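Not measured: the values here are computed from a predicted model.
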2 protein chains.
Amino acid sequence: MDKNHTASVLIDLSAAIVSVRGDQPVCLTVPDVSEHQTPGLPFGPFYPDRHRTMEIGLRQWVIEQTALDIGYVEQLYTFGDRGRRSEGPEGGDSQNEEEHIVSVGYLALSKQCPQPDQWSEWYKHFPWEDWRNGRPNILNQQIIPYLEAWSGSDELRRLRLQQVFGFPDKAWNDEFVLDRYELMYEAGLVWEAYADGRQKEKISTQNGITMQLDHRRILATAMSRLRAKLKYRPVVFELMPSAFTLTHVQKTTEAILGAILHKQNFRRQLAKNELVEPTGQMSKARGRPAELFKFKHDESQSTNLPGLRIPLGKSRNF
Amino acid sequence: MDKNHTASVLIDLSAAIVSVRGDQPVCLTVPDVSEHQTPGLPFGPFYPDRHRTMEIGLRQWVIEQTALDIGYVEQLYTFGDRGRRSEGPEGGDSQNEEEHIVSVGYLALSKQCPQPDQWSEWYKHFPWEDWRNGRPNILNQQIIPYLEAWSGSDELRRLRLQQVFGFPDKAWNDEFVLDRYELMYEAGLVWEAYADGRQKEKISTQNGITMQLDHRRILATAMSRLRAKLKYRPVVFELMPSAFTLTHVQKTTEAILGAILHKQNFRRQLAKNELVEPTGQMSKARGRPAELFKFKHDESQSTNLPGLRIPLGKSRNF
DNA sequence: CTCTATTATGCTCAAATTGAGTATAAATCC
DNA sequence: GGATTTATACTCAATTTGAGCATAATAGAG
């Protein structure tokens, strides 16, 4: 329409590169150069005349910078500038008008995670998302009371609170990581809201370790997507070594979901979907040795295989 | 890294604006200005200093250009330049290096579709995707024989053919619209492959009406996403008027899925999930009058409501 | 060498969900 | 008034799920 508006932008590709170390899901971060100690996600520019697609561009700088073998890559979302954070109602309009940046977020999965100090644990950034040891204390002690006060008698806010946090009488849904983060942002419960000027006072509690710019939001998007995908596509195996025990698969799944699963039912699904086959070898550890399995459909694109239905059980609210 | 590469791009926002007219899903198209008669999806540039987010930018030019009320909007995928088509292995490298364009694809749903000539029926572009009258002839008569010849003795190709088209002995999966399109593109079975120079000879049959650039690919992405979403989120109601019969909901769902559903089971799901409530009024048409219902959760964001499990039945392969 | 802790694996069983019907009701069209 | 059309109620077997008990195979302690 009108040509007197800038339409030219720079594109950068941000990646939530996820792996599982022990029983903790981790995410590759780069150290902060500025004053604060906040980590950030790795990112790099996209040169359209150098790389045919953005995914190729992404793989390129990930290899160059991290020497990591990322197998699975999936585009998450494209965020259009202005504050580079949540897309809430009011945005900080105090940008300098020089160059606009659009950032394309990616989720990548890696089987290994060398250099432990560069990988940051998910649940340090999102402590309320790990339910493996029961309902996290931070919810009842901090988040819920604050959010309830925030919603007051606003019908819409209460509805969202119920939907997204399951409060007071609905079940917790592990996939709503992004929705919960956004609600907390909106309510001024996370540090980023203060940094963006949406919140007057600095909140007293941390509510998880902050990240640079909107990176925590991208990580939340990645978590949501991965948790959802796990339930209908066999992506767990992108995080497993070539041979593994069934318990190992379960522990990895549980780590990502932040929830404990029923062992026998989990294995029943694995068996029914014929996703793994025995290698013949056995693992040696404490207790009875377990059979070692391998993923049946390596090499070729397993992108649209049926995946394992995860037995989440019934009682998911306390 | 190196600064001697262009990193500046233009962004355009393309939209697959979907509605249902009668029993046909339709998509808003703009007429072709060039020699061919190929329609295209509406698109517009994104001005980062004018619109805070891309979604706002999108809504803006949609309102300006079409005077349509689009309720539901969802980002689909961001395509990075170079040919502006499928992201297959070889891309046409004969681009002029002036200005690069990144296009962000959106899916939008509209309850009405005025000006019938501007709306193009899905299944004219994808005739193999409509199974409501049984398995489409075009599959057995054209597509499958060609694809089988194409795959030859290539194990990987045969595997994909089975995965994506269910040939020879697996079930058809209605969600793999994009995968099927991409496979056909790769095999040179759609006109776009010829236009991109991936295919030497012009194929004899049309295999669905072509669209400009990579627009048919974007539409395929939209169809895949919508078909998938329908099964776990109550998005159908974004396509329904304020009052409707249960059969109307079912017909709309069937139109999008391209499949017939079991009536009683469909209604059972609707009832169980408590998504609709009676208005008290009755519809008048041929046959016994049906009760008119309305969606329970209008106004507020129904984005993450459970949605209706769709009873797709067992025998989905012929 | 036996007991115990630990992990793996096999099997059961009731409850819930799903797929696929049949039967009946209420309107219009001719 | 009967055929046609559409709506709605109800049934029932098969399958899937949630939740559990029982047993097997190892390492380490005493």
Side-chain angles (χ1 to χ4, degrees), chain A residues 22-23 131 171-172 174 231-232 243-254 257 259-294 306-318, chain B residues 22-23 131 171-172 174 230-232 243-254 257 259-293 306-318:
Chain A
D23 64 346
W131 284 56
W172 181 266
D174 56 68
K231 287 163 198 152
Y232 61 97
F244 45 78
T245 65
L246 298 186
T247 301
H248 190 182
V249 188
Q250 188 179 342
K251 290 291 172 209
T252 306
T253 307
E254 289 175 340
L257 294 178
I260 295 296
L261 305 175
H262 183 122
K263 193 171 189 169
Q264 293 87 335
N265 293 347
F266 182 80
R267 295 159 98 107
R268 175 164 59 189
Q269 293 301 340
L270 271 176
K272 194 179 62 172
N273 291 298
E274 297 181 302
L275 292 169
V276 293
E277 56 189 0
T279 62
Q281 290 173 298
M282 296 298 242
S283 83
K284 39 180 197 274
R286 204 170 36 224
R288 174 172 168 177
E291 204 169 356
L292 282 173
F293 288 83
K294 69 192 182 87
L308 51 144
R309 284 170 94 100
I310 281 150
L312 274 162
K314 213 137 255 203
S315 49
R316 304 193 45 60
N317 45 344
F318 301 27
Chain B
D23 63 347
W131 284 57
W172 180 267
D174 56 68
L230 222 53
K231 287 163 197 154
Y232 61 96
F244 45 79
T245 65
L246 298 186
T247 301
H248 190 182
V249 187
Q250 187 179 342
K251 290 291 173 209
T252 305
T253 307
E254 289 175 337
L257 295 178
I260 295 297
L261 305 174
H262 187 278
K263 192 172 190 167
Q264 293 87 337
N265 293 348
F266 182 81
R267 295 159 99 107
R268 176 164 58 189
Q269 293 301 340
L270 271 177
K272 195 179 63 173
N273 291 297
E274 296 182 301
L275 291 169
V276 294
E277 56 187 1
T279 61
Q281 290 171 299
M282 295 300 240
S283 82
K284 41 177 195 274
R286 203 169 41 222
R288 174 173 168 177
E291 203 168 357
L292 281 173
F293 289 82
L308 52 142
R309 283 169 97 101
I310 281 149
L312 273 164
K314 213 139 257 204
S315 48
R316 304 191 48 58
N317 45 344
F318 300 28

> Hey, are the side chains of B:K231 and B:D174 touching, using non-hydrogen atoms and a 4.5 Å cut-off?
Replying inline: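 Yes, their side chains come closer than 4.5 Å.
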> Under a 4.5 Å cut-off applied to non-hydrogen side-chain atoms, are B:V276 and B:F244 in contact?
Replying inline: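 A side-chain contact exists here, since the closest heavy-atom pair is under 4.5 Å.
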How long is the line joining [atom1] of [X] and [atom2] of [N], in whole Å?
| X | N | atom1 | atom2 | value |
| --- | --- | --- | --- | --- |
| B:M282 | D:dA7 | CE | P | 11 Å |
| B:F293 | D:dA7 | CZ | P | 11 Å |
| B:N273 | C:dT18 | CG | P | 9 Å |
| A:H262 | D:dT16 | NE2 | P | 17 Å |
| B:F266 | C:dA20 | CZ | C1' | 17 Å |
| A:L270 | C:dA8 | CG | P | 13 Å |
| B:F244 | D:dA7 | CZ | P | 14 Å |
| A:N265 | C:dC11 | CG | P | 15 Å |

Proximity to the side chain of [X] - top-ranked nucleotide from [options]:
| X | options | value |
| --- | --- | --- |
| A:K263 | D:dT6, C:dA20, C:dT9 | C:dT9 |
| A:A290 | D:dG18, D:dT8, C:dA8 | C:dA8 |
| B:Q269 | D:dA7, C:dT18, C:dA8 | C:dT18 |
| A:R267 | D:dA7, C:dT9, C:dG21 | C:dT9 |

> What nucleic acid atoms does A:K284 come within less than 4.0 Å of, heavy atoms only: base, sugar-phosphate, or nothing?
Replying inline: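 If one applies the 4.0 Å heavy-atom cut-off, A:K284 turns out to touch nothing in the nucleic acid.
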> Got a donor-acceptor contact below 3.5 angstrom from the A:T279 side chain to the A:K294 backbone?
Replying inline: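 No, the answer is negative, given that no donor and acceptor are paired below the 3.5 Å cut-off.
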>> Should the side chain of B:Q264 and the base of C:dT18 be counted as holding a donor-acceptor pair, with the cut-off at 3.5 Å?
In response: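 No such pair is found, so the answer is no.
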>> Using only modelled atom types and a 3.5 angstrom limit, is any donor from either the side chain of B:R288 or the base of D:dA7 paired with an acceptor on the other?
In response: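 When only heavy-atom distances are counted, B:R288 does reach the base of D:dA7 through a donor-acceptor pair under 3.5 Å.
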> For A:E254 and A:L261, what are the C-alpha separation, side-chain angles and deciding distance, and is it a side chain to side chain contact (heavy atoms under 4.5 Å, CB included)?
Replying inline: CA-CA 7 Å; A:E254 289 175 340; A:L261 305 175; 3.8 Å; yes
> How far apart are the closest heavy atoms of A:E291 and A:P278, and which atoms are they?
Replying inline: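 Scanning both residues, the minimum pair turns out to be OE2-CB, 3.2 Å.
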>> By nearest heavy atom, map B:P289 and A:H248 onto DNA chain C; which one lands nearer the 5' end?
In response: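 Between the two, 5'-proximity favours A:H248.
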> Quick one: on DNA chain C, does A:L246 or A:G287 contact a more 5' nucleotide (nearest heavy atom)?
Replying inline: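 The residue closer to the strand's 5' end, by nearest nucleotide, is A:G287.
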> Does A:K272 make a side-chain N or O approach to OP1 or OP2 of D:dT17 shorter than 4.0 Å?
Replying inline: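 Affirmative; the distance criterion is met.
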> Would you say a side-chain N or O of A:R286 is under 4.0 Å from OP1 or OP2 of C:dT7?
Replying inline: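 So the side-chain polar atoms of A:R286 do come within 4.0 Å of the phosphate oxygens OP1 or OP2 of C:dT7, strictly under.
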>> On DNA chain D, does the nearest nucleotide to B:R268 precede the nearest nucleotide to B:T247 from the 5' side, or the other way round? Give the residue.
In response: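 It is B:T247 whose nearest nucleotide is closer to the 5' end.
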